[in-house]
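Below is one structure, written out as structure tokens; the observations come after it.
Chain identifiers are assigned alphabetically (A, B, ...) following the order of the sequence lines, protein sequences preceding nucleic acid strands; residue numbering begins at 1 within each chain. As the structure is a prediction and not an experimental result, all values here were calculated from the model.
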Number of protein chains: 2
Amino acid sequence: MITIKQVAEYAGVSVATVSRALNDSGYVGKESRKKVEEAVEALGYFPNEVARSLFQKTSRMLGLLLPDISNPYFPLLAKGVEDCAQKNGYMVILGNVEEDADKEEMYVKFFSQYNISGILSAASGKKAYGAQVPQVLLDRALEGENYSVSTDDTLGGELAGQAVVDAGAREIIVMAGPRKVSGARDRLSGILSVLNKEQVSYKVLETETFNVEKAEATAQKLFDTFDTFDTVIANNDVFALAVMKEAIKRGFSIPEDIQIIGYDNMLFSRLMYPGLTTVAQPAYEVGYKGAKMLIDLIEKKTVADKRVKLEPELIRRDSLR
Amino acid sequence: MITIKQVAEYAGVSVATVSRALNDSGYVGKESRKKVEEAVEALGYFPNEVARSLFQKTSRMLGLLLPDISNPYFPLLAKGVEDCAQKNGYMVILGNVEEDADKEEMYVKFFSQYNISGILSAASGKKAYGAQVPQVLLDRALEGENYSVSTDDTLGGELAGQAVVDAGAREIIVMAGPRKVSGARDRLSGILSVLNKEQVSYKVLETETFNVEKAEATAQKLFDTFDTFDTVIANNDVFALAVMKEAIKRGFSIPEDIQIIGYDNMLFSRLMYPGLTTVAQPAYEVGYKGAKMLIDLIEKKTVADKRVKLEPELIRRDSLR
DNA sequence: CTCCATTCTGTAACCGATTACACACTCAGT
DNA sequence: ACTGAGTGTGTAATCGGTTACAGAATGGAG
């Protein structure tokens, strides 16, 4: 490994001069700068971030807390984060916390051991109080003095509700989604506000979790507990898919007998048959903008808006009439 | 932040003693050990990994290079990596390189700036020659002196080929997958060896990429170029799904008119209708075992097998007769 | 009682960067 | 020629750990 000392020696100057030349801080003579540049080039030097981090107590690393990477929504978000980080010279450290508060706490501690410079959390929706670095919440906004980037889920709910009403729904089953997730709550209230306004009859099916393993069981439960309905508003595309499968299995056709709308717009929603009408969440953008906001916070640039809400979009395909 | 110096002061011993006590290295008296433990407890001290890393030139961080997180195979793999890392006290740094050699090189450089202790690469299948840390290749094995964990794709191909033959296939379209990916090559040769042995008629459709954006176009191309076939062996589940959709759209029914087998066993393969028969890759396990192997390598434990191959499994559902 | 091995502890060097501070030099203004 | 502001540079301290080394204490063998 080439150190700054070797560069200094090669260039015939002191380490301080090399450091100043590389960081454009303080005064550096023209001659010296040139010699340093040549030395760096000749030796193939690049600074060790660990040493730098030790002194500066910050590290150009972002911690990303995710509730569940195997849920296809999050990889997209992670990709947005990663792209933005990479473009700004930051690294991303991954933490899959699985809705487990202990694991989350452990990660926050890990992060501080590594002098991480900021945290992006899509996990609990709680602020990590252990950490004293900038934080931005992704997708799960929260009351109070927090920075966050999320989808406007109330609007998303309204979009879904309106789409279904426009398609002539008369008896709707609304899957609620986990109450503790703010996005799910907003979505539900968006849906219900439209349904109430339009005076369409509906029933709510409580679903505890977004956990993909539960999707099939939940779909079966839906058909077992309700029997007269013509429309399902699912809480995400995975659950929508499970409901579709169960419906076809039980001899209903889509959208003629039962129409379904999802939420998320995942890859497979476009590829399945019939194509799933759904509300697209800008997952990639949430990740990208969240990372940008965090980096601005870290670098003490002013951030205009503490809580940005991105607009979801209705994607019309073939599962609504 | 609490430093080792403060702990030493509180405990009334020197920093060397504190360090020795915490790392169980060298001699430490009973008395001192107890005082140190008390001080650590009282102050809530935990060591700064950056300082440690600077001296030790290693960092309990693993770099994970992925070709494309938005391909649903990789999050599962990443989850395996993350679980294993976490269990062994390592952190995972994410690098999404998108089959871009420059980006890959850049990440390897980043990694070395952070004194990363090992690299897991599911990306190019090339060894990162810039790095002088242990490396294990995931999913894309390679000839020569490399450590790797991958699926036995030849066997996977045979499984798919045999399943299709057993289901009475007579005219098969085999989607080849990108030739430069070793797994795709192995899979293809596994398929073809069975097909040749059983003397079933087939044609090969070249597909350049696993890129999910191309799935629909590829499916259309398949139906446009061939007209007499009763079976499709897709190169992964996403492509299989796209072919199914195109088939249904064109009025074929599955599996009666056209039967399809996929590869990967993704979440949605179970949830769609009809359920997709496919060959399951143990993605989570590849990640987990790869991480374990890397950690063993880093910690200089002996690793029994340099190149482990995990067995794929045929998942029978409803898309074959 | 002496000697030596073993156990315990502290001082200080070190890892590779950044930066405060002191000092030297140049040059314009008087 | 003198002064002081503006430049340029090197020495050394610093970040928070680990560890080589030296010296002190203990205890058992001869």
Side-chain angles (χ1 to χ4, degrees), chain A residues 1-37 39-40 43-61 89 109-117 132-133, chain B residues 1-37 39-40 43-61 89 109-117 132-133:
Chain A
M1 182 191 228
I2 311 293
T3 71
I4 197 173
K5 213 169 158 185
Q6 289 169 270
V7 175
E9 205 160 312
Y10 187 102
V13 298
S14 74
V15 293
T17 300
V18 176
S19 176
R20 279 188 293 252
L22 294 175
N23 296 303
D24 270 327
S25 60
Y27 296 112
V28 180
K30 254 186 163 176
E31 272 294 282
S32 304
R33 167 158 278 131
K34 207 179 137 210
K35 283 193 287 182
V36 169
E37 275 161 10
V40 166
L43 300 174
Y45 168 81
F46 48 93
N48 182 309
E49 273 299 324
V50 175
R52 176 178 276 168
S53 167
L54 179 59
F55 190 88
Q56 316 239 322
K57 292 162 184 291
T58 177
S59 67
R60 300 191 81 77
M61 293 197 288
K109 191 173 155 186
F110 265 179
F111 287 170
S112 81
Q113 291 189 284
Y114 284 95
N115 289 3
I116 255 183
S117 35
Q132 58 292 65
V133 292
Chain B
M1 182 190 229
I2 310 292
T3 71
I4 198 172
K5 215 169 157 184
Q6 289 169 270
V7 175
E9 206 160 312
Y10 187 101
V13 298
S14 73
V15 293
T17 300
V18 175
S19 176
R20 279 187 294 251
L22 294 175
N23 296 304
D24 270 327
S25 60
Y27 296 111
V28 179
K30 254 185 163 178
E31 271 294 282
S32 303
R33 166 158 280 132
K34 209 180 136 210
K35 282 193 287 183
V36 168
E37 275 161 10
V40 166
L43 301 174
Y45 168 80
F46 48 93
N48 181 309
E49 274 297 326
V50 175
R52 175 177 277 168
S53 168
L54 179 59
F55 190 89
Q56 317 237 301
K57 292 162 183 290
T58 178
S59 67
R60 301 191 80 78
M61 294 198 286
K109 190 173 155 187
F110 265 179
F111 287 170
S112 81
Q113 291 189 284
Y114 284 96
N115 290 2
I116 254 184
S117 34
Q132 57 293 66
V133 292

Check: Within the structure shown, what part of the strands sits under 4.0 Å from B:Ile2 by heavy-atom distance: base, sugar-phosphate, or nothing?
Finding: sugar-phosphate
Check: CD of A:Glu49 versus C1' of C:dA17: gap in Å, rounded?
Finding: 10 Å
Next item on the list: Using a heavy-atom cut-off of under 4.0 Å over every strand shown, decide if B:Ser19 touches base, sugar-phosphate, or nothing.
Entry: base
Check: In Å and rounded to the nearest 0.5 Å, what is the CE to CE distance from B:Met61 to A:Met61?
Finding: 4.5 Å
Checklist line | Nucleotide C:dG16, atom C1' - distance to NZ of A:Lys5 in whole Å | finding: 10 Å
Check: Which part of the nucleic acid does B:Val13 contact within heavy-atom distance under 4.0 Å: base, sugar-phosphate only, or nothing?
Finding: sugar-phosphate
Next item on the list: Determine the contact category for B:Ser53: base if any of its heavy atoms lies under 4.0 Å from a base atom, sugar-phosphate if only primed atoms, P, OP1 or OP2 are that close, otherwise nothing.
Entry: nothing
Item checked: Whole-Å gap separating P (D:dA13) and CZ (A:Phe55) -> 13 Å
Next item on the list: Select from A:Ser25 and B:Lys57 the residue whose nearest nucleotide in DNA chain C is closer to the 5' end of that strand.
Entry: B:Lys57
Margin query: So, OP1 or OP2 of C:dG10: does either fall under 4.0 Å of a side-chain N or O from B:Ser14?
Written below: yes
Item checked: A:Thr17 side chain near D:dT9 phosphate (N/O to OP1/OP2, under 4.0 Å) -> no
Check: Within a radius of less than 6.0 Å around CD of A:Glu9, do more than 12 heavy atoms belonging to other residues, nucleotides or ligands occur?
Finding: no
Next item on the list: Write down the distance between CG (A:Asp24) and C1' (C:dT18), rounded to a whole number of angstrom.
Entry: 15 Å
Next item on the list: Output the single nucleotide from C:dA17, D:dG17, D:dT19 whose closest atom is nearest the side chain of B:Gln56.
Entry: D:dT19
Next item on the list: Rounded to the nearest 0.5 Å, what's the gap from CD1 on A:Ile4 to CG on A:Asn48? Could you check?
Entry: 10.5 Å
Item checked: Integer-rounded Å distance: D:dT19 P and B:Tyr27 OH -> 16 Å
Check: Taking the nucleotide of DNA chain C with the closest heavy atom to each, which residue, B:Arg20 or B:Leu54, is nearer the 5' end?
Finding: B:Arg20
Checklist line | Rounded distance (Å) that lies between atom P of C:dG16 and atom CG of A:Leu22 | finding: 16 Å
Next item on the list: Check whether the side chain of A:Arg33 and the base of D:dG8 form a donor-acceptor pair under 3.5 Å.
Entry: no
Item checked: Under 4.0 angstrom between B:Ser32 side-chain N/O and C:dT9 OP1 or OP2 -> yes
Next item on the list: First locate atom NZ of A:Lys109, then atom OH of A:Tyr114, and finally report the distance between them rounded to the nearest 0.5 Å.
Entry: 12.5 Å
Check: With respect to the phosphate group of D:dT18, does any side-chain polar atom (N or O) of B:Asn23 fall under 4.0 Å of OP1 or OP2?
Finding: yes
Checklist line | d(CZ, B:Phe46; P, D:dG16) in whole Å | finding: 13 Å
Checklist line | Atom pair distance, as rounded to whole Å: OH in A:Tyr45 and C1' in C:dG16 | finding: 8 Å
Next item on the list: Could you grab the distance from atom OG of B:Ser14 to atom CZ of B:Arg20, nearest 0.5 Å is fine?
Entry: 6.0 Å
